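Here is the structure we will look at.
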Amino acid sequence: MEMDSAFSGLSSASYFIVLKITNDPPTIQSKTGHPIFFLYGNLSGFATGSHFTWTDGNIYDSTMTTSRKAIGNPTPNLTNFILYNVQSSNSNYTARLNKTQLFTTSSNTFSQNGTILGRQTDQSSTFYYFDGDIAELIVYDSILSLSDREKIEDYIYTKWA
């Protein structure tokens, strides 16, 4: 799926995605794509792509940033629906899973380039496809306040139980 040009020109963003993957971790590298490649950063090098998850079980995320973040190997089984949230600006990058912070840094440069959902490539033109299901995606063009973020999380938890 390709998003329209309304996502170009952002300087910060927050997204919330309800998703699950088919295998946790994937056993085939081609099935390790990130679901939200429409907000990928300007990265260079072979090993800079986003993966949800890679074959080692770790989430690597380069959405909305110029440097790939090693988010970690989450505890919940990702073959069940979960809520993944990222907020990014020029001075913040935070990733959460089911309302729990997995990763944060104040060393970040926001970047947005591209509009593809569910597929990505690395610099060697290798395609990685998201292998799973996306139930809902919500995107904001700013970093949300704690109160606003909690309202969105509560809405998603109420809707998707």
Side-chain angles (χ1 to χ4, degrees), residues 1-21 32-54 58-76 78 81-123 127-130 132-160:
M1 183 163 100
E2 190 165 345
M3 308 300 279
D4 65 22
S5 61
F7 289 100
S8 63
L10 299 178
S11 60
S12 65
S14 301
Y15 70 81
F16 301 81
I17 186 166
V18 178
L19 73 157
K20 68 179 181 176
I21 58 177
T32 66
H34 201 282
I36 44 177
F37 199 54
F38 69 87
L39 290 174
Y40 76 93
N42 294 319
L43 300 169
S44 61
F46 176 76
T48 55
S50 290
H51 301 281
F52 196 95
T53 62
W54 185 244
N58 287 297
I59 296 172
Y60 298 97
D61 205 338
S62 59
T63 55
M64 305 187 300
T65 185
T66 58
S67 62
R68 182 171 80 160
K69 312 300 186 204
I71 305 301
N73 189 336
T75 306
L78 302 180
F81 277 106
I82 54 94
L83 169 61
Y84 185 63
N85 162 240
V86 169
Q87 293 185 292
S88 179
S89 69
N90 279 329
S91 60
N92 176 272
Y93 190 96
T94 302
R96 294 176 186 84
L97 187 69
N98 291 337
K99 301 183 184 182
T100 301
Q101 183 176 295
L102 296 177
F103 177 87
T104 191
T105 183
S106 60
S107 176
N108 186 58
T109 303
F110 181 87
S111 180
Q112 181 271 320
N113 184 14
T115 57
I116 296 172
L117 186 66
R119 185 199 76 202
Q120 70 176 54
T121 61
D122 62 20
Q123 199 167 34
F127 284 99
Y128 297 97
Y129 296 91
F130 176 68
D133 296 311
I134 298 171
E136 184 161 356
L137 173 65
I138 301 171
V139 180
Y140 290 91
D141 62 355
S142 65
I143 298 288
L144 301 183
S145 68
L146 173 62
S147 173
D148 288 343
R149 190 189 83 231
E150 288 174 341
K151 287 176 187 174
I152 298 301
E153 290 170 339
D154 290 346
Y155 158 78
I156 290 171
Y157 268 70
T158 300
K159 182 175 180 180
W160 297 103

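What you see is a predicted model; the values in this text were computed from it and never measured. Here, residue 1 is the first one in the sequence, and each next residue gets the next number.
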Whether the [X] and [Y] side chains hold a donor-acceptor pair (N or O, under 3.5 Å, no angle test) is what I'd like checked.
{"X": "Ser106", "Y": "Tyr93", "answer": "no"}
{"X": "Thr63", "Y": "Asp61", "answer": "yes"}
{"X": "Thr104", "Y": "Thr94", "answer": "yes"}
{"X": "Glu136", "Y": "Tyr155", "answer": "yes"}

Does any part of the side chain of [Y], heavy atoms only, come nearer than 4.5 Å to the side chain of [X], both counted from C-beta?
{"X": "Phe103", "Y": "Ile59", "answer": "no"}
{"X": "Phe16", "Y": "Tyr84", "answer": "no"}
{"X": "Arg149", "Y": "Asn85", "answer": "yes"}
{"X": "Ile17", "Y": "Ile134", "answer": "yes"}
{"X": "Asp148", "Y": "Ile152", "answer": "no"}
{"X": "Leu19", "Y": "Asp133", "answer": "no"}
{"X": "Leu97", "Y": "Leu78", "answer": "yes"}
{"X": "Ile156", "Y": "Ile138", "answer": "yes"}

Looking at every non-hydrogen atom in both residues, tell me the closest pair between [X] and [Y] and how far apart they are.
{"X": "Thr105", "Y": "Ser107", "result": "OG1-N, 3.1 Å"}
{"X": "Ser12", "Y": "Ser142", "result": "OG-CA, 3.3 Å"}
{"X": "Ala13", "Y": "Met64", "result": "CB-SD, 3.3 Å"}
{"X": "Asn58", "Y": "Gly72", "result": "OD1-C, 3.1 Å"}
{"X": "Ala135", "Y": "Phe81", "result": "CB-CE2, 3.8 Å"}

Q: Quick one: do Asn108 and Thr65 satisfy side-chain hydrogen bond (donor to acceptor under 3.5 Å, both in side chains)? Show the steps, please.
A: CA-CA 7 Å; Asn108 186 58; Thr65 185; 2.5 Å; yes

What's the spacing between [X] [atom1] and [Y] [atom2] if we round to 0.5 Å?
{"X": "Ser111", "Y": "Leu10", "atom1": "OG", "atom2": "CG", "value": "10.5 Å"}
{"X": "Ser11", "Y": "Ile143", "atom1": "OG", "atom2": "CD1", "value": "9.5 Å"}
{"X": "Ile71", "Y": "Gln101", "atom1": "CD1", "atom2": "CD", "value": "10.0 Å"}

Check side-chain hydrogen bond (donor to acceptor under 3.5 Å, both in side chains) between [X] and all other residues, then give those that pass, not counting sequence neighbours.
{"X": "Lys99", "answer": "Asp154"}
{"X": "Tyr140", "answer": "none"}
{"X": "Gln87", "answer": "Ser14, Arg96"}

(Q) I'd like to know if the side chain of Asn98 and the backbone of Leu83 have a donor-acceptor N/O pair within less than 3.5 Å. (A)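 Looks like yes, one N/O pair under 3.5 Å.
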
Q: Would you kindly check if the NZ (Lys) or CZ (Arg) of Lys69 is within the cone defined by 45 degrees around the ring axis of Tyr60 and under 6.0 Å from the six-membered ring centre?
A: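 Checked: cation-pi criterion not met.
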
